[in-house]
2 protein chains.
Amino acid sequence: MYRIGELAQLCEVRTDTLRFYEKHGLLSPSSRTDSGYRIYTEADAERLRFILRAKAVGFTLAEIAELLSIELDKSNWACADVKGLVDDKLANVEAKIAELNHFQLSLQRLSQACCGGPESAEHCSILEALESSTENIRCENHSHTHDDAQFTKTCQDKSAVKNTQEK
Amino acid sequence: MYRIGELAQLCEVRTDTLRFYEKHGLLSPSSRTDSGYRIYTEADAERLRFILRAKAVGFTLAEIAELLSIELDKSNWACADVKGLVDDKLANVEAKIAELNHFQLSLQRLSQACCGGPESAEHCSILEALESSTENIRCENHSHTHDDAQFTKTCQDKSAVKNTQEK
DNA sequence: CTTGACCTTGGATACAACTCCAAGGTTTAT
DNA sequence: ATAAACCTTGGAGTTGTATCCAAGGTCAAG
Ligand SMILES: [Zn+2]
Ligand SMILES: [Zn+2]
Ligand SMILES: [Zn+2]
Ligand SMILES: [Zn+2]
């Protein structure tokens with residue numbers, strides 16, 4: 001049995017957040033003291049942990065409420081309904097993953113095209129790619145190193161670069 | 001050269017959104033007509049497309065601004081700076097993917113434990129898992145099918161797991 | 001009995017990222 | 001020359017997800 005502050009501390013949220021979740025039907029304390037203090041059980045804490053886990057991965061509170069609300073009303077749902085809901089969310093998550101994978105690839109391509117060296121970014125492949133937004137990114141040939149053949153290392157040549165400078 | 005409405009239609013955003021992006025330094029029209037109408041170039045359109053792609057995958061406008069702002073100021077950045085920024089975002093994306101993969105797994109486990117049939121969800125494994133929030137999910141043994149041994153097909157028959165909590 | 005930590009409620013505020021509105025100016029087509 | 005369809009600005013409203021605040025009630029310790 002926890003009072004609101006205890007549960008909040010336990011799960012690292014604010015008491016305000018717990019009241020907010022209550023107001024929105026996500027988590028209500030199992031009881032109250034005579035004086036009106038909220039009393040949460042361990043089951044409430046578990047429910048909160050589920051909410052937090054779901055939230056951490058990008059579910060909206062509305063989606064979480066939908067997931068949780070079925071439980072209040074079990075007998076009016078079939079396994080098919082429940083599983084369908086979970087599968088919907090699953091598809092949702094998978095779509096998000098696909099989206100992120102796509103962008104990951106873009107970022108990797110950008111990253112690979114850049115030498116990461118201390119040279120001025122005036123001819124940086126990353127910036128050029130952002131400007132032109134073409135699909136194929138041109139690797140730097142380091143003509144921007146105003147220097148000699150000493151610097152004709154290319155993209156794949158990830159030579160020692162530890163120069164962390166301020167701007 | 002596009003007027004605001006044309007660019008909006010082209011990229012499927014509202015004119016309001018374009019003005020909003022302008023106000024927040026993400027995308028300004030390259031020029032104005034004498035009467036004050038915004039005029040966007042193809043380069044502006046490309047920039048907008050980048051913004052939209054980045055947004056679609058979860059970057060905040062602030063992050064996008066950060067990415068784009070470097071370009072205004074190329075010569076004050078080194079390749080190392082630019083690449084570092086991209087790599088930060090990349091790490092960010094990868095972390096998000098990992099998070100989503102984790103939740104994907106949870107959802108898959110939930111989904112697998114449920115028969116998905118027309119039976120009442122009163123003993124649905126998914127709901128039980130949500131309630132108890134235990135790590136290991138018990139598969140349905142279909143005792144809820146008010147029926148005979150005909151329905152003793154199981155997920156993989158790990159119905160030995162017992163109920164542990166309740167304080 | 002007073003103090004300080006905790007709790008209650010309702011309402012205000014914040015931030016992101018729009019979205020809509022009002023009042024008026026511009027362009028184009030008939 | 002008038003209407004329709006565009007554009008301008010500034011500002012208000014919306015949704016989701018909280019946070020903060022004020023005024024006051026509760027509780028255990030000294
Ligand atoms: Zn370089
Ligand atoms: Zn570079
Ligand atoms: Zn079932
Ligand atoms: Zn089920």
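Residue numbering restarts at 1 for every chain, and letters A, B, ... go by the order of the sequence lines.
Remark: Asn76(A) pairs with Asp73(A) by the side chain to side chain donor-acceptor pair (under 3.5 Å) rule, at least two apart or across chains. In terms of the side chain to side chain donor-acceptor pair (under 3.5 Å) criterion, Arg3(B) has no residue partners (sequence neighbours excluded). Residues meeting the side chain to side chain donor-acceptor pair (under 3.5 Å) test with Ser35(B), sequence neighbours left out: Thr33(B).
Note on Met1(B): it does not cluster hydrophobically with Leu18(B), by side-chain heavy-atom contacts below 4.5 Å among ILVMFWY residues.
At distances below 3.5 Å, at least one donor-acceptor pair connects side-chain atoms of Asp44(B) with backbone N or O atoms of Thr41(B). With Glu22(A) contributing its side chain and Ser28(A) its backbone, the two residues share no donor-acceptor pair below 3.5 Å. At distances below 3.5 Å, not a single donor-acceptor pair connects side-chain atoms of Lys74(B) with backbone N or O atoms of Ala121(A).
Protein chain B contacts DNA chain D over a range whose 5' and 3' limits, counting nucleotides with an atom under 4.0 angstrom from a non-hydrogen atom, are dC6(D) to dT9(D).
For the residue pair Glu6(A)/Tyr40(A), the side-chain donor-acceptor check at 3.5 Å is not satisfied.
The stretch residues 31-39 of chain A touches DNA chain D through Ser35(A), Tyr37(A), each having a heavy atom within less than 4.0 Å of the strand. Heavy-atom distances under 4.0 Å link DNA chain D to Ile4(B), Gly5(B), Arg19(B) of residues 4-25 of chain B, given in residue order.
A salt bridge does not link Lys55(B) to Glu63(B): none of the charged nitrogens lies less than 4.0 Å from a carboxylate oxygen.
Atom CD of Gln9(B) is surrounded by 12 or fewer heavy atoms from other residues, nucleotides or ligands within 6.0 Å.
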